Each structure stands twice: as C-alpha cells, then as structure tokens.
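What follows is one structure encoded as structure tokens, with my remarks underneath.
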Amino acid sequence: MILGDPFEDANQISISDCDKPECLLKQGSTIYIRIQLVPNRDIQNLINDVSALLFNKSLPFVGVDGTNACNNIYNVDGSKADCPLQKGKEYVYENSFSILRIYPKVPLIVRYALREGNDIVICFEVPAKITK
C-alpha cells in the first residue's frame, strides 16, 4: 500500500529476496530496497522513517530510521543525486537495513516512509516475518 502522493509514479518498489508479501526477513541478513520516483513537486529534503509494527507498537529499525534519505538518491543513470529533488525528474532511491539477530522471530508489518519535515512524502507497508 502506498500512501501520500507527491510522486507521479512510485509504483516501482523492490525489496531484496521478497517477490511478494509476506517477506521473510532472515536474522543477520541485510535487506535492500529500491524505489523509482518522479516527484510532482520540488522536494527540499527527505528523512527515512522506517519501523516495524509489532503487537500494535511501532518500533524503529535501528540504523536507518531517522537518517538522511537524500544520501540515498541517484539519477536513473546511476550517478549520485541529492536534494532538492526536482519536479518531473526521475530518481532512484536505494537503501539497506540490517535484520539484527536480536530481533524476535515474529510476524510484523514493515512501514517504510520518506518524509520531508513532518509531511509524509511516500509510505508503504509490507507484511513480513523475521526468521532464523
């Protein structure tokens, strides 16, 4: 599910080792995410807002939540881009996060968002399960 919509086309989201939900997130592994974006307005800055919804509680993914997402923006040719993002130009967001061995082996919802200040720019949720 994609929420918010300052992007004309944000439907190209890929998550490593996850062709369809429920994504299996192996303890000790690294998950890679790639999103193709075309802003429908200029965006000055982006912050990663990544959490797990577990037992009706939102728990941040350590090491990625709250970090600068502008560092993860690229032009479609693979060259490094940065904020601000220009309206109508295509970009690629790439990032990764670790599934720590201390994470419990339980089903959860991964909530992945990019925000500008307090405004959610894009948000999607993926059912997942942490495995050994």
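We use all heavy atoms of the structure for the numbers below, so side chains are in, but hydrogens, waters and symmetry mates are not. One-based numbering along the sequence shown. All figures in this text were calculated on a predicted structure; none of them were measured in a lab.
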> What residues, two or more places apart in sequence or in another chain, satisfy side chain to side chain donor-acceptor pair (under 3.5 Å) together with Q86?
Replying inline: none
> Who pairs with S98 by side chain to side chain donor-acceptor pair (under 3.5 Å), at least two apart in sequence or on another chain?
Replying inline: none
So, taking the atom named [atom1] in [X] and the one named [atom2] in [Y], what distance separates them when rounded to the nearest 0.5 Å?
| X | Y | atom1 | atom2 | result |
| --- | --- | --- | --- | --- |
| S51 | K57 | OG | NZ | 13.5 Å |
| L46 | I122 | CG | CD1 | 10.0 Å |
| K87 | R41 | NZ | CZ | 11.0 Å |
| I73 | N45 | CD1 | CG | 11.0 Å |

>> Starting from L53 and following side-chain heavy-atom contacts under 4.5 Å between hydrophobic residues (I, L, V, M, F, W, Y), which residues can be reached?
In response: I109
>> Treating K80 as the side-chain partner and N71 as the backbone partner, does any N or O pair qualify as donor plus acceptor under 3.5 Å?
In response: yes
Would you say [X] and [Y] are hydrophobically clustered, going by side-chain heavy atoms of ILVMFWY under 4.5 Å?
| X | Y | answer |
| --- | --- | --- |
| V64 | I99 | yes |
| I33 | L24 | no |
| L85 | V76 | no |
| L54 | I31 | yes |

Less than 4.5 Å apart, side chain to side chain, heavy atoms only: is that true for [X] and [Y]?
| X | Y | value |
| --- | --- | --- |
| I47 | T67 | no |
| L37 | V121 | no |
| V92 | I35 | no |

> Is there any disulfide (SG to SG under 2.5 Å) pair reaching into residues 59-92, and which pairs are they, with sequence neighbours excluded?
Replying inline: C70-C83
>> Run C123 and R111 through side chain to side chain contact (heavy atoms under 4.5 Å, CB included) and show every step you take.
In response: CA-CA 7 Å; C123 178; R111 181 180 175 273; 3.7 Å; yes
>> Considering only residues two or more places apart or on different chains, which pairs with a residue in residues 24-35 satisfy side-chain hydrogen bond (donor to acceptor under 3.5 Å, both in side chains)?
In response: R34-E94
> What do the steps show when you test I13 against F124 for side chain to side chain contact (heavy atoms under 4.5 Å, CB included), and what is the final call?
Replying inline: CA-CA 9 Å; I13 298 169; F124 62 94; 3.7 Å; yes
How about [X] and [Y]: does a side-chain donor come under 3.5 Å of a side-chain acceptor?
| X | Y | result |
| --- | --- | --- |
| Q44 | E116 | no |
| N75 | K89 | yes |
| N48 | Y93 | yes |

> Yes or no on side chain to side chain contact (heavy atoms under 4.5 Å, CB included) for V126 and I15, after CA distance, side-chain angles and deciding distance?
Replying inline: CA-CA 10 Å; V126 178; I15 301 168; 3.7 Å; yes
>> Take a 6.0 Å sphere around CG of D77 and say whether it holds more than 12 heavy atoms from other residues, nucleotides or ligands.
In response: yes
> Below 4.0 angstrom, N of the basic side chain to O of the carboxylate: do D49 and R115 qualify?
Replying inline: yes
> With Y103, which residues qualify under ring pair (Phe, Tyr, Trp, His ring centres under 6.0 Å), at least two apart?
Replying inline: F61
> Between N72 and N68, which heavy-atom pair has the shortest distance, and what is it?
Replying inline: OD1-O, 3.5 Å
> When you look at V110 and L25, which way does the side chain to side chain contact (heavy atoms under 4.5 Å, CB included) test go after all the steps?
Replying inline: CA-CA 10 Å; V110 175; L25 308 177; 4.0 Å; yes
